[in-house]
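Just so we're clear, the structure is a prediction, and the values are computed from it rather than from any experiment.
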Amino acid sequence: MEGKIIFYLCFLICFLLRGNAGVKGSSHHHHHSHRHLFGFRPLKLFVFGDSYADTGNIGKTAANSWKVPYGITFPGKPAGRFSDGRVLTDYLARFVRIKSPIPYRWRNLGAKHLRYGMNFAFGGTGVFDTLVALPNMTTQIDFLQELLSNKVYTWPDLQSSVALVSIAGNDYGAYLARGGSSQTLQSFILLVVDQLVVNLKRLHGMGMKKVAVTSLEPLGCLPQTTVSSSFQECNGTQNTAVTFHNLLLSQAVTKLNNETKDSPFVILDLYASFMSVFENKADHLGSSKFENPLKPCCMGISSEYSCGSVDESGAKKYTICDDPESAFFWDTVHPTQQGWNAVYSALQGTLQQLQSLY
């Protein structure tokens, strides 16, 4: 029972918090190799998923990502990203050498803003419906279909694009919050991965040349879970469930690529990337060492508060570390900009391998 509750709590905060964006940082040394990333030069990035990828779709009243101190590193004020600065989307955009695509909510700003693609990710969402009444991944892909139907984007646009599909655990939080048992969790994981595969095939069928999908990060290492050990150790039970999800995903993607002549699907292994940072394997370029990677920079003063919380009189009910760049996690679920930069560095091998798929 205890394991189930911890597992549930871990996922719960995933959808209470989720979101993200932007990218400064120190990875310029990678630029020379971006040209051949996908064997073609992506001109646009289309993003689907949750708060690890959201750059401002979630409503201002729905999440702390629009409250101080979110966004203090980039862009300098809260902008809907679940971080002090940039998130995964921003780093993938950097890798393909385009600007981060605009959030779907800003789609009516005019044609010049559409040139780098679009971000359909909403913090708190999943492959299926979660506990937030926001568009799930199927609906997010429907939004793109609608833009195609309305000639906002064309088939050639998608042919010169890459898609990012971010899945970070909100489906599991919702499942357990609704009374799902740990006994039937394994069969639910199968359902999630099956639907994810349907989504990947659909995106490729719409014309996407490359579709990058994230593996689940080690949920047992998120600060919302490690707080019980004073941020000293990960929860192995949760990470075992995550490993099962990732194994199924890996098998499914291998099968998809075998069935498709141009191997369009690539897994961005967040699990291995997070773990390599936690284990301090600083043998790759641009890697960061974090003093205590499991401890968040920004957290509520007690368990009833979270990063960004204020009381009725506006007094803040959270603390922030002196230097966000020294922390891997920003809040109890999401990495800092520096954390994402370290993950991006750890992903370089995978990103480079994409070249050999052509």
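Side chains of Asn199 and Gln195: a donor-acceptor N/O pair is present below 3.5 angstrom, by distance only. A donor-acceptor pair shorter than 3.5 Å can be found between the side chains of Thr55 and Asn119. Inspection of the Asn246 and Thr243 side chains reveals no N or O donor paired with an N or O acceptor under 3.5 Å. No hydrogens or angles considered: nothing links the side chains of Thr73 and Gln338 as a donor-acceptor pair under 3.5 Å. Side-chain contact check for Ser306 and Asn64: at least one donor-acceptor pair (N or O, by modelled atom type) lies under 3.5 Å. Side chains of Thr184 and Ser181: a donor-acceptor N/O pair is present below 3.5 angstrom, by distance only.
The ring of Tyr305 has its center no closer than 6.0 angstrom to the ring center of Tyr318. Outside the 6.0 Å centre-distance limit, the rings of Phe329 and Phe231 are not counted as a close aromatic pair. In summary, the aromatic rings of Phe128 and Tyr175 are positioned with their centroids too far apart to meet the 6.0 Å limit.
Phe120 has its side chain out of reach of Ile141: every pair of non-hydrogen atoms, C-beta onward, lies at least 4.5 Å apart. Between Asp171 and His245 the shortest side-chain heavy-atom distance does not fall below 4.5 Å. Taking the side chain as every heavy atom from C-beta outward, Val198 and Asp194 never approach each other to under 4.5 Å. Residues Tyr116 and Leu45 have side chains not in contact (no heavy-atom distance under 4.5 Å, counting atoms from C-beta outward). Counting heavy atoms from C-beta on, the side chains of Leu270 and Leu216 never come closer than 4.5 Å.
With Phe143 as reference, Tyr104 is the one residue of Phe48, Tyr104, Phe46 to meet the ring-ring contact (aromatic ring centres under 6.0 Å, His included) rule. Of the listed residues (Trp340, Tyr91, Trp330, Phe122), just one forms a ring-ring contact (aromatic ring centres under 6.0 Å, His included) with Tyr52, and that residue is Trp340.
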Problem set entry | CA sep, side-chain torsions, deciding dist, call: Gln348, Phe95, side-chain contact (heavy atoms from CB on, under 4.5 Å) | CA-CA 9 Å; Gln348 289 300 312; Phe95 193 87; 3.3 Å; yes
For this session: For Cys307 and Cys298, run disulfide (SG to SG under 2.5 Å): C-alpha distance rounded to whole Å, both residues' side-chain angles, the deciding distance at 0.1 Å, then the answer.
Result: CA-CA 5 Å; Cys307 180; Cys298 182; 2.0 Å; yes
Exercise. Hey, mind stepping through Arg178 and Leu131 against side-chain contact (heavy atoms from CB on, under 4.5 Å) and telling me if it holds?
Worked result: CA-CA 9 Å; Arg178 290 167 178 150; Leu131 301 190; 3.6 Å; yes
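Under the 3.5 Å distance criterion, the side-chain polar atoms of Asn170 are left unmatched by any main-chain donor or acceptor of Gly126. When atom types are taken as modelled, the side chain of Thr226 and the backbone of Gly220 share no donor-acceptor pair closer than 3.5 angstrom. Counting only distance, with no hydrogens or angles, the side chain of Ser161 and the backbone of Met208 share no donor-acceptor pair below 3.5 Å. Under a 3.5 Å cut-off, the side chain of Gln140 and the backbone N or O of Pro135 do form a donor-acceptor pair. Of the possible polar contacts, one joining the Asn258 side chain to the Thr254 backbone as a donor-acceptor pair under 3.5 Å is found. The backbone N or O of Cys221 lies less than 3.5 Å from no partner atom in the side chain of Thr225, so there is not a single donor-acceptor pair. Put simply, the side chain of Asp84 never gets that close to the backbone of Ile72: no donor and acceptor are under 3.5 Å apart.
By the 6.0 Å contact criterion, CG on Asp322 is open, its count of non-hydrogen atoms from other residues, nucleotides or ligands being 12 or less. Within 6.0 Å of CD in Gln251 there are more than 12 heavy atoms belonging to other residues, nucleotides or ligands. Glu291 CD: 12 or fewer foreign heavy atoms inside a 6.0 Å radius.
With respect to Lys151 and Asp157, no salt bridge is recorded, no charged nitrogen being found less than 4.0 Å from a carboxylate O.
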